[in-house]
Amino acid sequence: KAGVTQTPRYLIKTRGQQVTLSCSPISGHRSVSWYQQTPGQGLQFLFEYFSETQRNKGNFPGRFSGRQFSNSRSEMNVSTLELGDSALYLCASSLVVGSYGYTFGSGTRLTVV
Amino acid sequence: AQKVTQAQTEISVVEKEDVTLDCVYETRDTTYYLFWYKQPPSGELVFLIRRNSFDEQNEISGRYSWNFQKSTSSFNFTITASQVVDSAVYFCALIRTDKLIFGTGTRLQVFP
């Protein structure tokens with residue numbers, strides 16, 4: 001079966017712009033989590049969605065937001081981009097909350113210039 | 001506080017050498033899960049193993065083995081007879097309220 005699909009793969013944006021990243025989970029998986037990976041801070045949890053509801057949120061400013069659709073696909077949005085938002089954004093899906101069988105996508109590499 | 005420490009930043013070995021990646025964790029939870037992930041240059045995090053706190057048995061999967069010791073809060077990962085394809089960054093992680101807390105990773109370079 002198809003894995004977790006993240007689009008786009010690469011993105012270059014200008015400071016102050018906003019960006020939307022997409023994640024399609026494995027078919028049948030209903031939980032989607034997002035992580036940010038930077039050289040300085042490592043891998044950090046952004047948020048988790050299950051059945052279109054945000055269940056969990058990491059310690060990030062309100063510029064970072066997300067949503068999940070009825071087909072479990074998820075999007076995350078970053079508004080008013082800053083240089084420090086340059087990172088690899090990884091999405092993970094799991095069957096249900098608490099199953100801990102996370103499968104990650106290949107990520108979206110965002111560069112803010 | 002929940003924390004995962006991978007003290008080894010980078011390890012270089014020659015093919016066929018055995019290598020052990022260290023992971024030390026901190027948690028106040030009595031029930032918890034630990035993970036190892038591999039991140040090749042493509043960026044995807046590849047799941048290797050999940051272990052719950054009740055199961056202290058060591059596990060072997062092919063050339064990979066894991067040593068979980070609650071007494072020392074360690075969950076070490078050994079690759080036997082390393083291969084060039086094992087070159088990647090390896091992350092140890094702890095689950096906390098349904099979110100993964102990752103260590104800083106160990107970059108393994110295996111030279112032919």
For B:N58 and B:N67, work out which heavy atoms get closest and say how close.
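It is OD1-CA, 3.2 Å.
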Counting only heavy atoms not in A:L83 (residues, nucleotides, ligands), do more than 12 fall under 6.0 Å from its CG?
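Buried by this count: over 12 neighbours within 6.0 Å.
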Can you tell me if B:K16 has over 12 outside heavy atoms packed within less than 6.0 Å of its NZ?
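Result for NZ/B:K16: open.
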Contact origin within [X] toward chain B - heavy atom pairs under 4.5 Å:
| X | result |
| --- | --- |
| A:L43 | both |
| A:Y35 | side chain |
| A:Q37 | side chain |

Quick one: CD1 on B:I11 to OG on B:S87, what's the gap to the nearest 0.5 Å?
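Between B:I11 CD1 and B:S87 OG, I get 11.5 Å after rounding to 0.5 Å.
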Residues in salt bridge (charged side-chain N to carboxylate O under 4.0 Å, His left out) contact with A:R15, at least two apart in sequence or another chain
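Salt bridge (charged side-chain N to carboxylate O under 4.0 Å, His left out) check on A:R15 returns nothing, list empty.
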Mind checking what makes salt bridge (charged side-chain N to carboxylate O under 4.0 Å, His left out) contact with B:D22, not counting sequence neighbours?
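For B:D22, no residue satisfies salt bridge (charged side-chain N to carboxylate O under 4.0 Å, His left out) once neighbours in sequence are set aside.
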Between [X] and [Y], is there a donor-acceptor pair closer than 3.5 Å when you use the side chain of the first and the backbone of the second?
| X | Y | result |
| --- | --- | --- |
| B:E17 | B:V14 | yes |
| B:S61 | B:Y64 | no |
| B:Q6 | B:C92 | yes |

With a 4.0 Å cut-off on N to O distance, would you call A:D85 and A:R63 a salt bridge?
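Answer for the salt bridge query: yes.
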Could you check, using the six-membered ring where one of them is a Trp, whether B:Y37 and A:Y102 have ring centers closer than 6.0 angstrom?
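No.
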By number, which residues in residues 105-113 of chain A have some heavy atom less than 4.5 Å away from chain B?
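Only A:G105, A:S106 of residues 105-113 of chain A have a heavy atom under 4.5 Å from chain B.
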Are there residues of residues 100-112 of chain B whose heavy atoms fall under 4.5 Å of chain A's heavy atoms? If so, which?
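From residues 100-112 of chain B, the residues near chain A are B:L100, B:F102.
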